[in-house]
Student: 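Pasting in a structure now, in structure tokens, and then I'll have a few things to ask.
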Amino acid sequence: MARGQRKTIEEKIAEKEELILALRTRLKSEQIELETLYKEKRDKDLDGINQILEESGLNVDEASEILQEYIRTHVSEQQPA
């Protein structure tokens with residue numbers, strides 16, 4: 001049984017270059033999609049925080065002070081003696 005014509009090294013190189021280019025294009029597309037998903041998650045999280053602020057009647061400065069105090073209290077409690 002005869003085998004097909006063998007590819008030259010130049011043809012193999014060209015195929016690999018083409019494959020790598022296609023993979024880079026795909027990777028860039030996937031990275032853009034991932035960044036979009038991160039932004040959607042961030043926006044959703046911020047909407048949730050904004051809703052909590054509106055429901056509680058707190059403004060951003062008040063909420064920030066409360067969170068900072070909470071962090072100071074809990075960080076000091078968790079540090080070993």
Student: Looking at S29 and T25, would you say the former's side chain and the latter's main chain have a donor-acceptor pair under 3.5 Å?
Tutor: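 Such a contact is absent between S29 side chain and T25 backbone.
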Student: As an exercise, state the distance from NZ of K28 to CD of Q31, rounded to the nearest 0.5 Å.
Tutor: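 One gets 11.0 Å once the value is rounded to the nearest 0.5 Å.
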Student: Ion pair present between R72 and E69, side-chain N to carboxylate O less than 4.0 angstrom?
Tutor: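 The answer is yes: the pair qualifies as a salt bridge.
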Student: Once you round to the nearest 0.5 Å, how far does CG of L53 lie from CD1 of I49?
Tutor: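 Nearest 0.5 Å value for the CG-CD1 distance: 7.5 Å.
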Student: Can you measure from CD (E18) to CG (L23) and round to the nearest 0.5 angstrom?
Tutor: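 It is 11.0 Å, given to the nearest 0.5 Å.
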Student: Within the side chain of E62, is there an N or O that forms a donor-acceptor pair under 3.5 Å with the backbone of N59?
Tutor: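 At least one qualifying donor-acceptor pair exists.
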Student: Determine whether E54 and N50 satisfy the following criterion, side-chain hydrogen bond (donor to acceptor under 3.5 Å, both in side chains), listing intermediate values before the conclusion.
Tutor: CA-CA 6 Å; E54 287 178 7; N50 190 49; 3.2 Å; yes
Student: Any chance you could measure L27, atom CG, to L34, atom CG, to the nearest 0.5 Å?
Tutor: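 It is 10.5 Å, given to the nearest 0.5 Å.
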Student: Let me check something: do I66 and V60 share a hydrophobic cluster, defined by ILVMFWY side-chain heavy atoms less than 4.5 Å apart, either directly or through other members?
Tutor: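 Yes: a chain of side-chain contacts under 4.5 Å links I66 to V60.
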Student: Quick one: closest heavy-atom pair of K7 and E11, and the distance?
Tutor: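 Closest heavy-atom pair between K7 and E11: CA-OE1, 3.1 Å.
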Student: Rounded at 0.5 Å granularity, tell me how far CD1 in I20 sits from CD in E15.
Tutor: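 So the CD1 of I20 and the CD of E15 are separated by 12.0 Å.
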Student: Is there side-chain contact between E40 and L37, with heavy atoms separated by less than 4.5 Å?
Tutor: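 Side-chain contact under 4.5 Å: yes.
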Student: Got a second to check how far I52's CD1 is from D47's CG, nearest 0.5 Å?
Tutor: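 The CG atom of D47 is 11.5 Å from CD1 of I52, to the nearest 0.5 Å.
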Student: Is it true that R26 and E30 make a salt bridge, defined as a side-chain N closer than 4.0 Å to a carboxylate O?
Tutor: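 Salt bridge: yes.
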